[in-house]
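All of these numbers come straight from a predicted model, not from anything done at the bench.
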Amino acid sequence: MRRRHPVQQGRIDWGQGDAPVSAVFGDIYYSNEDGWAESRHVFLEGNELPGAWAGKRLYTIGETGFGTGLNFLATWDLWRQHRSGGNRLHFVSVEKYPLSIEDLRRVYARWPALRPLSECLIDHLPSLYEGFHRIHLSDDVTLTLLIGDALDAYSELEAQIDCWYLDGFAPAKNPDLWTQDLFRQMARLARPGATLATYTVAQKVREGLSEAGFQVSKAPGFGRKRDMLVGLRADHLEMEPAGKPWFAIGPARPDPGQIAIVGAGIAGSAVAHAFARRGFTPTVFDKNPAPASEASGTPSAVFMPRLTTDATPEGHFFASAFLYAEREIYRSGRYGCETPFPGVISLAETPALDHRQQSLLDLCALPEDQMLSADKARSEDISGVALRAGGLYFPKAGCLRGADLCGDLLSQSELHFDARVSRSRLVEDEWRLEGIGGGLLGCADTLILCGGTALQSFAEIDQGSLNLFRGQVTLVPPLSGLDTLKVPILSGQMVLPQGDGGVAVGATYQQLEEITAQAISLRADDHQQNLSSLERVFGLDLSSLDTKALTGWAGVRCSTLDLLPMVGAVPDRDFFKHAYADVRHGSRFRRYERAQYHRGLYGLVGLGSRGFTTAHLCAELLVSQCLGEPWPVERSVAEYLHPGRFMIRALKRANSN
């Protein structure tokens, strides 16, 4: 994956009256006459909206230049007027030079009728970070904003586009939005019969779209512009699929039928919420008496990024997952669990750590409003306690109560607790969930296995790719020097203020072979390990504390071998072993079949110690793949999370010996 760069913000030159002019390209964002009317004529009427989306459960629009967002707002406004119950609008757009909030407010002021929508859009705009940003504006309208180069972004997108808005500055001003390579990506992403519309009739554009597989023709233009273009993707067009065949996903299930989820920790809760916000009512089974009763029930859950110093899909995934979690939890306030602490400080206690943190800043691993350098004095001012070093400050990271969050996420689902699912069987295209002794607990057309420790009896899950890790958190009573702590501190382990002057410290990390009662019992030596961490970080002497009298929490996490979750349809292992037996030799010898999966079976497994940061984006990816929606992450990131990746790696290793 290429190195990411700071996002360069666009700037409007208002020197030519009411029409905003791009200071980057020297061209107007929309017509001098009436930008809203132009959007309606060129893009909405040009794509025969609203008639084209009538009766479709999901309608997806792609756009080549977000600009001021006026086309999106015009589309949303039309959708409000003509939507049908149960239908959803998904709008995908790309922008390399996002405009400032101030410029957007000035643009939108011209159309007060759009104010409720424009204010909602402004409130939900993401931080300036190159990549994919999934934004839920209402239960039936979703915007996926791709910040960066259009060709790079659409080359990584997986979607089925129903119509295209080709809107960018004039081809002579901004040729990057009118290249043959971009037209080919548009054709790859378009459904058979998808339409397009654009204001330009330049010969290069007409010829390029025709060569890519669109049938184009002229139509009456807007205002003083005589012509515009409309087009249709040819039904017979065959496109080479992008990505590796063993990472191709199974067929979408736009109507998933009855949905069952096994597990009510953060993984299952996030998946249930992702389905519920789309109008489905999943049924959730959990062996415990309440949600978040195992690893997700830690007394203080942290959501903060796990960043890497190299430009890999792994690092980009954790950054994107954090930004999505921040929008879902911290800013939305929908779950009633606003973070009680203003951020997290990650200390740089050694020259190596200081160098690593500087590399993260240089790499732009997160946008400037999400990650700040804080020297020792600044870190002490933020935290309220004396520290041995400064570090990185993540102002929008924080803590929450896992049980509260999971309960809110599950509020629109049908819940079955004390329901231990021991195995699942596919009988005549229906999954039957059986309890201990073979009793039937429920049936489902679509089954999602979530969590980890409860899935050891499910043969479909690749158990060899999972590890179990015990963790223990120690609750320390109020102590002088720590009772004024205001924010969580990360220094090897987390130190979390508890509101009463005490702190929680942990968690320890010990691999297990199996889960026993002893594994989740508190251990004095683990308490001592946590206390030693406190002594090191804060220069305290805690030898007088009786470790046997301390309280805390212990649980077992499930992680994968590479510490990344497994997300998506569950592969058919027998098919993988036979179809990709000579995968080391690649396509030089033969063209491989697309991967095959267990019908209607999905998994979100192995979240490890970053579940409250990653579960939301992982759930969104899983549900998007299941329902055939645009993916919320780049294909290269999704491949890193694919449940079949360990089988492919094992086959490559076997062939290399």
Can you tell me if Arg635 uses its side chain to pair, donor with acceptor, with the backbone of Ser155 under 3.5 Å?
yes

Nearest non-hydrogen partners of Gln180 and Ala212, listed with the distance:
NE2-N, 3.7 Å

Shortest non-hydrogen separation from Pro256 to Thr446 and the atoms involved
O-OG1, 2.8 Å

The reported gap from CG in Leu146 to OG1 in Thr64 (rounded to nearest 0.5 angstrom) is 11.5 Å

How long is the span from the CD1 atom in Ile12 to the CD1 atom in Ile28, to the nearest 0.5 Å?
12.0 Å

Stepwise side chain to side chain donor-acceptor pair (under 3.5 Å) check, Ser210 with Gln215:
CA-CA 6 Å; Ser210 297; Gln215 301 166 356; over 6 Å; no

Are Arg573 and Phe576 in a cation-pi contact, defined as NZ or CZ under 6.0 Å from the six-membered ring centre and within 45° of the axis?
no

Would a 4.5 Å heavy-atom cut-off, applied to side chains only, mark His136 and Glu620 as touching?
yes

For the student: nearest non-hydrogen atoms of Met566 and Pro643, plus distance:
SD-O, 3.9 Å

Begin with the C-alpha distance, continue with both residues' side-chain angles, and end with the deciding distance and a verdict on side-chain contact (heavy atoms from CB on, under 4.5 Å) for Trp14 and Arg106.
CA-CA 10 Å; Trp14 293 97; Arg106 183 168 176 178; 3.4 Å; yes

With distance as the sole test, does Arg233 use its side chain to make a donor-acceptor pair with the main-chain N or O of Ala187 at under 3.5 Å?
yes

Gln81/Asp77 under side chain to side chain donor-acceptor pair (under 3.5 Å): CA gap, chis, key distance, verdict
CA-CA 7 Å; Gln81 301 172 39; Asp77 180 66; 2.9 Å; yes

Within a strict 4.5 Å, meaning less than it, do heavy atoms of the Ile147 and Lys96 side chains meet?
no

Are Lys244 and Glu639 close enough for a salt bridge, meaning some N to O gap below 4.0 Å?
yes

Can a cation-pi geometry be assigned to Arg40 and Trp36, taking NZ or CZ under 6.0 Å from the six-membered ring centre and within 45° of the ring axis?
yes

Would you mind reporting whether Tyr154 and Val94 have side-chain heavy atoms less than 4.5 Å apart?
yes

Any side-chain heavy atom of His90 sitting closer than 4.5 Å to one from Arg134?
yes

State yes or no: are the ring centers of Phe322 and Tyr129 separated by less than 6.0 Å?
no

Please answer whether the main-chain N or O of Trp631 pairs with a side-chain N or O of Ser624 as donor and acceptor at a distance below 3.5 Å.
no

Would you confirm whether the ring centroid of Tyr199 sits within less than 6.0 angstrom of the ring centroid of His41?
no

Between Asp162 and Arg191, does any side-chain N to carboxylate O distance fall below 4.0 Å?
yes

Please lay out, stage by stage, how Phe43 and Cys163 fare under the test side-chain contact (heavy atoms from CB on, under 4.5 Å).
CA-CA 9 Å; Phe43 300 109; Cys163 81; over 6 Å; no

With a 4.0 Å cut-off, would you call Glu629 and Arg88 a salt bridge?
yes

Flag the pair Leu99 / Gln9 as yes when at least one side-chain heavy-atom distance between them is below 4.5 Å, and no otherwise.
no

Return the CG to CG distance between Leu166 and Leu196, rounded to the nearest 0.5 Å.
6.0 Å

Measure the shortest side-chain to side-chain distance between Leu117 and Arg80 over non-hydrogen atoms and say whether it is less than 4.5 angstrom.
yes

Going by the angle between their ring planes, with limits at 30° and 60°, are Tyr597 and His642 parallel, tilted or perpendicular?
tilted

Main-chain N/O of Ala579 paired to Glu593 side chain as donor or acceptor, under 3.5 Å
no

Examine the side chains of Tyr97 and Asn174 and answer whether a donor and an acceptor come within less than 3.5 Å of each other.
no

No-hydrogen, no-angle side-chain donor-acceptor test under 3.5 Å, Ser22 and Asp27
no

Leu621 side, atom CG; Ser320 side, atom OG - distance, nearest 0.5 Å:
11.5 Å

When you compare the side chains of His273 and Gln412, does any donor N or O come within less than 3.5 Å of an acceptor on the partner?
no

Within 6.0 angstrom of Lys56 NZ, more than 12 heavy atoms from elsewhere
yes

Between Tyr165 and Phe72, is the ring centre distance below 6.0 Å?
no

If you apply the rule side chain to side chain donor-acceptor pair (under 3.5 Å), what do you find for Thr195 with Glu48, and how did you get there?
CA-CA 9 Å; Thr195 61; Glu48 300 181 354; over 6 Å; no

Basic-acidic side-chain contact under 4.0 Å: Arg278, Asp140:
no

Non-hydrogen side-chain atoms of Thr60 and Leu58 separated by less than 4.5 Å
yes

Are Tyr602 and Trp431 an aromatic pair by the rule of ring centers under 6.0 Å?
no

Could you walk me through whether Phe132 and Leu145 pass the side-chain contact (heavy atoms from CB on, under 4.5 Å) test, one step at a time?
CA-CA 6 Å; Phe132 288 20; Leu145 186 58; over 6 Å; no

Under 3.5 Å, is there a donor-acceptor pair between the side chain of His82 and the main chain of Leu78?
no

Arg83 side chain to Leu89 backbone, donor-acceptor under 3.5 Å:
no

Smallest heavy-atom separation, Asp167 atom then Leu177 atom, equals O-CD1, 4.3 Å

Salt bridge check, Glu211 against Arg206: does any charged N sit closer than 4.0 Å to a carboxylate O?
no

Checking Asp445 against Asp429 for the side-chain contact (heavy atoms from CB on, under 4.5 Å) test, could you report, in this order, the C-alpha distance in whole Å, the side-chain angles of both residues, the deciding distance, and whether it holds?
CA-CA 7 Å; Asp445 303 289; Asp429 294 336; over 6 Å; no

Over all heavy atoms of both residues, which pair between Val623 and Ala274 is shortest? Give the atoms and the distance, please.
CG2-CB, 3.7 Å

CE on Met186 to CD1 on Ile161, rounded to 0.5 Å
9.5 Å

Rounded at 0.5 Å granularity, tell me how far CD in Glu38 sits from OH in Tyr30.
10.0 Å

I would like to know whether Phe646 and Trp246 meet ring-ring contact (aromatic ring centres under 6.0 Å, His included); could you show each step before the answer?
CA-CA 11 Å; Phe646 296 107; Trp246 40 85; over 10 Å; no

Below 4.5 Å, heavy atoms only, C-beta onward: do Pro630 and Glu158 meet side chain to side chain?
no

If you look at every heavy atom in Gly46 and Met228, which pair is closest and at what distance?
CA-CE, 4.1 Å

Check the surroundings of atom CZ in Arg649: do more than 12 heavy atoms from other residues, nucleotides or ligands lie under 6.0 Å from it?
yes

Working note: Phe317 + Tyr640, criterion ring-ring contact (aromatic ring centres under 6.0 Å, His included); need CA distance, chi angles, decisive distance, verdict.
CA-CA 9 Å; Phe317 161 68; Tyr640 258 64; 9.4 Å; no

